[in-house]
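Heavy atoms only: backbone and side chains are in, while hydrogens, waters and symmetry mates are out.
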Amino acid sequence: MEKKADHSVAEKEPVSPLAGPEKETLLESVKSAESADNIETLENHLNATEDDLREAKELATSMTLEGVIAMMKNVVAIHEGDPNFPHVTLEKIKEFLANDDIPVHPEKYTAIIDELKIEAALITNNSPYAEVRGVVDNHDDPSTPVSTIRAWTIGILFSVFLAFINQLFSIRLPSIRFDTNIAQLLAYPLGRAWERWMPNTMIKIPFVAEPIPLNPGRFNKKEHMLIAIMANTSKSLPYTAYIIWVQVLPQYFNQQYARSFAYIILNAMGTNFIGYGLAGLTRRFLVYPSYCVWPTSLVTIALNSSLHDEENSSVLGPFKRTWSMTRYKFFVVTFCGMFVYFWFPNYIFTVLSYFSWMTWIAPNNRDLNILTGFNNGLGLFNFWPTFDWNVVASTLDPLMVPSFSTFNCAAGMFLSGFIVLGIWYTNSWNTGYLPIVTNRTFDHFGKLYNVSRTIDSRGFYDHEAYMDYSAPYIGAANAMNYGFFFAVYSAIVAHVALHHRYEIMTGFKSLFRSFRRNKGDDSGSPNREYEDVHNRLMSAYPEVSEWWYLGTLAISIVFGVLGIALWPTYTSPAVVLYGILLCVIFVIPIGVVFAMTGIEITLNVLAEFIGGMIVEGNALAMNFFKSYGYVTCAQALSFASDLKVAHYLKLPPRVTFAGQMIATLISTVVCSGVLKFQMDIKDVCTTNAPMRFFCPGPNTFFTASLLWGTVGPLKVFGINGQYKWLLLGFPLGIAVVLIFWGLRQWFPHSRPLRQVHVIPMLYGGILWAPLSFSYVWGAVPFAWLSWIYIRSRYLAFWSKYNFVLSASFSAGVAISAIIMLFTVQWQGVEINWWGNNQASVGCEAKPCVLKTLETGERFYPWWNPSQVPAP
């Protein structure tokens with residue numbers, strides 16, 4: 001570039017009539033154009049905006065070549081297996097490190113050295129990821145008030161409100177949930193009202209030395225985020241409520257001792273606080289490292305930024321138009337648009353939501369519906385299945401989740417769909433008698449499985465009753481679902497071991513040092529391992545010791561053991577430790593993948609599988625194992641995500657710790673009290689229940705508990721079980737990881753291979769039943785438009801508006817749905833016309849099956865059709 005510019009000037013000088021000041025002006029303009037070209041080139045190489053580069057250039061001038069080389073070696077070690085890290089930049093770094101002549105003759109390589117210094121400055125002074133730089137500020141003012149009376153009052157208010165509403169309506173069909181972004185939206189006017197009308201007086205708080213101002217001034221983003229974190233913590237309901245329901249209800253186990261408030265609160269405290277204790281211990285793996293982006297948290301931060309940041313800059317956007325609209329105005333406009341629009345697919349014109357338009361040609365054509373149907377088909381060949389954003393973002397929000405996650409997930413689901421077709425059309429495992437896409441369990445008459453016919457009066461397994469009734473049967477898509485679950489569990493451990501072992505070992509070293517260091521010794525500070533700006537800024541605040549989290553974990557284990565041991569649960573308290581051990585094994589691998597891809601792999605199937613084998617025949621014991629193995633891991637990751645939000649917003653760690661602990665305590669007590677009240681509602685969880693309190697969650701939980709705990713996985717997947725071949729998913733998951741890992745070693749510079757991520761691909765296979773491919777494919781065009789087309793061409797525009805748009809659409813859908821629910825839907829007002837009826841006609845209304853049974857007929861196990869009795 002420089003050579004070309006110099007040559008151009010040299011050619012023009014002999015014929016130029018310019019001299020003196022005019023010539024200098026011309027030369028300056030040429031240099032300016034050259035600088036602009038260089039900046040544009042760097043923007044493309046480093047995936048950074050012009051503002052990012054100008055700030056990084058100032059720091060780059062002070063960096064040494066030796067320091068840059070050492071940093072880049074660390075960058076390659078950490079980000080080699082990171083699909084979020086820009087591929088072009090990583091290749092530049094590898095080229096830089098592979099050239100042994102650079103340290104010897106640096107004067108020959110000034111261009112690449114300068115570029116790598118800027119990249120090093122970006123990593124040091126900001127984030128290596130454009131999506132993080134777009135919404136997270138790399139500056140902080142530690143004097144900003146956070147732990148204020150205003151923040152705690154509003155935070156506690158929303159903690160009580162969300163816990164009460166979500167628990168009360170959790171047993172309603174359909175359920176009603178208030179999410180974090182709704183709380184963040186509603187908290188904003190309350191905070192501003194407090195700022196405007198509360199008197200500026202000092203209040204004396206017990207156990208606090210200095211008086212605290214009632215009105216600390218402007219309602220700031222840190223206070224607001226503390227409120228949002230408390231709301232997000234409190235919205236997580238105690239999973240043990242499901243255990244209480246199936247124990248108490250007379251149509252289930254009818255164990256009335258479970259009505260005891262002490263029993264309810266002890267078990268709820270055990271599961272809730274164990275998750276938080278584990279989250280704190282995983283900070284050095286899931287929170288401090290910069291590669292743990294947590295895409296799901298960026299939307300929450302974007303909403304916060306749009307409400308508080310008043311700085312505004314114009315950016316070049318689509319249609320070569322300059323966009324000067326503030327994030328707040330953009331949020332309001334798009335929120336209002338989605339609020340109004342959602343009335344159409346959700347109420348006025350519902351066919352827009354389930355747009356299986358190809359089945360309208362022949363609604364009763366079985367094969368057409370199987371291939372293109374939305375509700376009861378696979379939806380493999382419907383190229384535009386929905387106009388409903390709620391459906392588009394139901395599995396993966398295409399604006400929030402990285403595009404490689406969306407593409408890999410869609411590819412995995414599409415390819416596995418052909419396996420589902422093969423299973424169903426060949427009638428393997430008698431799936432041809434059942435709907436192809438269903439998550440229900442059936443008996444050998446093709447009817448829904450009645451698990452109560454396999455137990456005795458105490459709720460234990462009755463073998464004679466089981467043999468007189470039927471073995472459980474599942475549909476083709478559901479069978480594929482289980483096979484891919486087994487595959488993804490083994491694959492996620494293998495993937496993290498192969499691709500992220502360096503980061504994991506670094507985290508363990510940091511964790512061990514933190515336990516050994518003395519008070520006041522900073523040698524275990526997290527920024528020794530992860531030299532990014534956010535860790536340096538957070539070093540201004542006192543850290544929360546791992547011992548605090550370890551103490552929380554120990555106390556919560558005591559609660560869990562007491563909750564099991566003091567009542568006749570027929571369960572060993574050891575299931576608490578077994579469940580926690582399962583969580584400890586998987587929380588870091590699952591957390592690393594979740595933090596990088598935005599996809600969470602849940603442990604529900606593995607917990608049911610292992611728990612059912614350990615305590616076979618005892619459904620209640622399996623439920624406790626499942627709660628401590630699966631739910632504590634899910635809650636730990638949710639809490640870790642909140643800790644990352646606090647890390648990005650520079651909330652003092654001890655304030656965040658207090659906020660999460662208080663919100664968890666409030667949620668546990670409120671939910672337990674509401675649950676105690678719900679038990680006394682007349683006809684609750686029956687067909688005559690008031691306010692539609694039909695308890696769909698407890699009903700499903702009861703079925704799963706008997707199927708996995710009473711009947712047990714050995715009868716389904718064991719040596720004599722008809723679905724034993726699905727266990728091949730465990731070795732196949734490892735094999736797929738090894739194959740793609742080997743390909744990447746063979747082709748280390750392949751960009752397409754680097755974008756292949758095995759875990760999201762296998763995750764696509766576990767989305768089958770009750771979902772069809774239509775739920776996932778709808779996200780693909782939007783992911784391409786946002787992350788590929790707009791991001792590559794208008795990075796500044798994308799950084800400014802993308803996550804704000806995701807937040808506004810989600811909030812618009814949520815608020816619109818709640819208003820519809822409490823108005824027209826609550827009153828039962830329906831619009832009866834073609835646009836609302838066409839989505840459920842023919843095979844889309846009632847599933848079409850491959851084979852049918854006459855009255856009294858049954859099917860037999862696939863391995864021996866003549867076997868009688870054949871459960």
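- Looking at Ser808 and Thr334, their side chains do bring a donor and an acceptor atom within 3.5 Å of each other.
- By the 30° and 60° cut-offs, the orientation of the rings of Phe331 relative to Phe335 is parallel.
- There is no side-chain donor-acceptor pair under 3.5 Å between Asn267 and Thr240.
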Please walk me through it: do Gln247 and Tyr263 pass side-chain hydrogen bond (donor to acceptor under 3.5 Å, both in side chains)?
CA-CA 12 Å; Gln247 286 186 271; Tyr263 179 75; 2.7 Å; yes
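- At a cut-off of 3.5 Å, with distance as the only test, no side-chain donor of Asn181 or Ser810 sits close to an acceptor on the other residue.
- Aromatic rings of Trp294 and Phe594 (six-membered ring for Trp) have centroids within the 6.0 Å cut-off, being under it.
- Residues Ser236 and Gln635 bring no donor and acceptor atom of their side chains to less than 3.5 Å of each other.
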Step by step, work out the side-chain contact (heavy atoms from CB on, under 4.5 Å) result for Val824 and Glu830.
CA-CA 8 Å; Val824 291; Glu830 297 181 354; over 6 Å; no
Might you work through the disulfide (SG to SG under 2.5 Å) test for Cys583 and Cys633, ending with a clear yes or no?
CA-CA 5 Å; Cys583 180; Cys633 189; 3.8 Å; no
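- A donor-acceptor contact closer than 3.5 angstrom is absent between the side chains of Gln678 and Asp680.
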Evaluation steps, side-chain contact (heavy atoms from CB on, under 4.5 Å), between Ser306 and Leu303
CA-CA 5 Å; Ser306 66; Leu303 175 57; 4.0 Å; yes
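- Across Ile229, Thr656, Leu651, a single residue satisfies side-chain contact (heavy atoms from CB on, under 4.5 Å) together with Leu643, and that is Thr656.
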Check step by step if salt bridge (charged side-chain N to carboxylate O under 4.0 Å, His left out) holds for Arg283 and Glu546.
CA-CA 9 Å; Arg283 288 173 299 168; Glu546 266 73 15; 2.9 Å; yes
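- Of the options Tyr276, Tyr549, Phe273, a ring-ring contact (aromatic ring centres under 6.0 Å, His included) to Phe639 is made by Tyr276 and by none of the others.
- By the disulfide bond (SG atoms under 2.5 Å apart) test, Cys671 is found to be paired with no residue, residues two or more places apart in sequence or in another chain being considered.
- Between the side chains of Asp642 and Asn232, a donor-acceptor pair is found at a separation under 3.5 Å.
- Taking 4.0 Å as the cut-off between side-chain N and carboxylate O, Glu223 and Arg218 do not count as a salt-bridged pair.
- Within 6.0 Å of atom OH in Tyr257, more than 12 heavy atoms from other residues, nucleotides or ligands are found, so the atom counts as buried in its surroundings.
- A side-chain N or O of Asn836 and one of Thr350 form a donor-acceptor pair less than 3.5 Å apart.
- With sequence neighbours excluded, no residue forms a ring-ring contact (aromatic ring centres under 6.0 Å, His included) with Phe625.
- Within a 6.0 Å sphere centred on OH of Tyr578, other residues, nucleotides and ligands contribute 12 heavy atoms or fewer.
- Checked by atom type, the side-chain pair Asn688/Thr686 shows no donor-acceptor distance below 3.5 Å.
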Run the side-chain contact (heavy atoms from CB on, under 4.5 Å) check on Ile681 and Phe693 step by step: do they pass?
CA-CA 9 Å; Ile681 298 176; Phe693 286 161; 3.9 Å; yes
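- Judged by the 6.0 Å and 45° rule, Lys626 forms no cation-pi pair with Tyr628.
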Check the pair Gln825 / Asn346 against side-chain contact (heavy atoms from CB on, under 4.5 Å), numbers first and verdict last.
CA-CA 11 Å; Gln825 292 177 345; Asn346 197 55; 3.8 Å; yes
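- Closest non-hydrogen pair, Thr282 versus Ala640, comes out as OG1-CB, 4.5 Å.
- Using cut-offs of 30° and 60° on the angle between ring planes, the pair Tyr328 and Tyr188 is tilted.
- Note that CD of Gln184 is 5.0 Å distant from CE of Met225, once rounded to the nearest 0.5 Å.
- Distance alone, capped at 3.5 Å, places no donor-acceptor pair between the Asn166 side chain and the Leu237 backbone.
- Asn272 and Thr668 share a donor-acceptor pair across their side chains, judged by distance under 3.5 Å alone.
- Applying the salt bridge (Lys or Arg N to Asp or Glu O under 4.0 Å) test to Arg192 and every residue at least two apart in sequence or in another chain returns Glu195.
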